[in-house]
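Along the sequence shown, residues are numbered consecutively beginning with 1.
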Amino acid sequence: MSVDADVLVVGGGPVGLAASIEARLAGLSVVVLEPREGPVDKACGEGLMPGALPLLERLGVDPAGAPIVGVSYRSRGVVADHRFEGGPGRGVRRTVLHAALADRARALGVSIVTGRADGIAQDASGVAAGGLRAGWLLAADGLHSPARRSLGLERPGPTGRRRFGIRQHFAVAPWNDHIEVHWTRDAEVYVTPLGPDLVGVAVLGVQGADVDAAIASTVGERLRDARPVSDRRGAGPFGQRAARVQLGRALLVGDASGYVDAITGEGLRLGFEQARVAVAALTGGPGYEGEWRRVTRPFRVLTTGLVRAAGSPLRAGIVPLAARAPRLYGAVVERLAR
């Protein structure tokens, strides 16, 4: 089989497209294999933390959205606000981000092919999937990555009650320039400003959590007259693992490489950073396994700790602790925002 490109990217979502742009900027030819056409709307918190914006800027992408100046934790009248020290992040509708990345990828000469990565096979000189062959394969096909399974890299997730997310949009002017995170008894409600008259509401919690009750008890009054402008979409279960993130000429990138939880809201930033170090590894940079561990370590450590606390008797004390210890709270937020 002839070689179709230097790099085959499996998955044409935001992280896969970012990886394709990184590869083109490094001088590599790229084909993206994606089964769905057009901007794909998936459940996502849609908040780009401040550290994500420079990563997009270096790709030549600047999607429209609403500024986010910080994070506000809220529970039973207790409020803990933190304003980002290094400048704002941005709330961006996932479809807007997807379209901007796709336009940039095509402008750079990336070929986006509709199809599935069936039958991944590799040898010493390349990787084949979905009837295409390339020197390298970057699997960026999401939380429940078929490529991860095909490569034999699936690893059992954590035991216990699994966490899920639900997201919906409402036509209403944002009432806060922070991401609001409302803590209820068994769920977190995230409100992200996305535009002059648009907010996204995401609910994260264990399976069986009452989504309607969580929204009603936190932002129900704010949304009383607001018109839903999207269907509810779900994601999960979170807590996906991979045995390793590289097998020969195949590298796992973004959620496909393993994921802890959406509770910190930094999945996109982390995915863009993984795309950067993955392509660097293909072009003579440090090895991907080590770089992946380096760039994901803060996320994995802090997110695992926060999820454990959220599922323990300590849950009710998380927001009061953040309010009493603003420096600690701010340090955690800033570490995740970078």
Side-chain angles (χ1 to χ4, degrees), residues 40-49 66 68 70-80 89 91-95 142-144 157-158 160-172 174-176 178-195 198-240 255 259-268 303-304 306-312 314-319 322 333 336:
V40 178
D41 193 11
K42 294 177 64 178
C44 177
E46 300 181 317
L48 294 175
M49 301 295 268
I68 298 170
V71 178
S72 177
Y73 269 28
R74 298 169 175 239
S75 178
R76 300 179 182 179
V78 179
V79 177
V92 178
R93 189 74 171 82
R94 186 183 176 94
T95 49
L143 194 66
H144 304 291
R161 300 182 71 185
R162 311 295 293 276
R163 282 171 53 89
F164 294 78
I166 300 289
R167 180 234 64 196
Q168 191 169 28
H169 301 94
F170 295 86
V172 61
W175 56 88
N176 199 338
H178 289 56
I179 296 174
E180 289 186 359
V181 186
H182 297 261
W183 287 73
T184 71
R185 186 184 65 180
D186 55 5
E188 305 91 54
V189 179
Y190 289 69
V191 183
T192 305
L194 298 172
L198 184 67
V199 300
V201 177
V203 180
L204 306 182
V206 296
Q207 187 172 15
D210 191 329
V211 172
D212 291 317
I215 293 175
S217 66
T218 55
V219 293
E221 287 298 313
R222 296 283 190 181
L223 301 177
R224 180 191 295 253
D225 299 318
R227 176 172 55 90
V229 291
S230 69
D231 296 330
R232 285 185 177 177
R233 293 183 180 270
F238 305 129
Q240 301 295 321
D255 293 353
Y259 194 66
V260 181
D261 197 273
I263 198 168
T264 58
E266 64 157 355
L268 286 171
T303 305
T304 298
L306 191 54
V307 170
R308 285 176 178 169
S312 77
L314 300 175
R315 180 181 179 85
I318 289 176
V319 177
V333 173
L336 292 170

Visitor: If you round to the nearest 0.5 Å, how far is CZ of R222 from CD of E180?
Guide: 7.0 Å
Visitor: How long is the span from the CZ atom in R94 to the NZ atom in K42, to the nearest 0.5 Å?
Guide: 5.5 Å
Visitor: Quick check for you: to the nearest 0.5 Å, what is the distance between L314 atom CG and L306 atom CG?
Guide: 11.0 Å
Visitor: Quick one: list whatever passes side chain to side chain contact (heavy atoms under 4.5 Å, CB included) with A171, sequence neighbours left out.
Guide: R227, V229
Visitor: Name all residues meeting the side-chain hydrogen bond (donor to acceptor under 3.5 Å, both in side chains) criterion together with R163; count only those two or more places apart in sequence or in a different chain, and write none if there are none.
Guide: E188, D261
Visitor: Who are the side-chain hydrogen bond (donor to acceptor under 3.5 Å, both in side chains) partners of S230, not counting sequence neighbours?
Guide: H169
Visitor: Just to verify, what does A235 make a side chain to side chain contact (heavy atoms under 4.5 Å, CB included) with, not counting sequence neighbours?
Guide: A43, F238
Visitor: Please round to the nearest 0.5 Å and tell me the distance separating atom CH2 of W183 and atom CG of L204.
Guide: 9.5 Å
Visitor: Could you tell me which residues satisfy side chain to side chain contact (heavy atoms under 4.5 Å, CB included) with P237, sequence neighbours excluded, listed by chain and number?
Guide: H144, R162, F164, Q240
Visitor: For Y190, give me all partners under ring-ring contact (aromatic ring centres under 6.0 Å, His included), at least two apart in sequence or on another chain.
Guide: none
Visitor: State which residues pass side chain to side chain contact (heavy atoms under 4.5 Å, CB included) with A214; sequence neighbours excluded, sorted by chain then number.
Guide: T184, A187, V189, V203
Visitor: Out of curiosity, L268 CG to L48 CG, how far, rounded to the nearest 0.5 Å?
Guide: 5.5 Å
Visitor: Once side-chain hydrogen bond (donor to acceptor under 3.5 Å, both in side chains) is applied, do any residues pair with R232, and if so which ones, sequence neighbours excluded?
Guide: Q168, D212
Visitor: Heavy-atom distance under 4.5 Å between the side chains of N176 and V191, does that happen here?
Guide: no
Visitor: Quick one: side-chain hydrogen bond (donor to acceptor under 3.5 Å, both in side chains) partners of R224, sequence neighbours excluded?
Guide: E221
Visitor: Just one of V92, I179, L194 clears the side chain to side chain contact (heavy atoms under 4.5 Å, CB included) bar with I68, so which one?
Guide: I179
Visitor: So which atom in G234 and which in I166 form the shortest heavy-atom distance, rounded to 0.1 Å?
Guide: CA-CD1, 3.8 Å
Visitor: For P193 versus A66, what's the shortest heavy-atom pair and its separation?
Guide: O-CB, 3.6 Å
Visitor: Tell me, please, which residues at least two apart from D41 pass salt bridge (charged side-chain N to carboxylate O under 4.0 Å, His left out).
Guide: R93, R167, R233
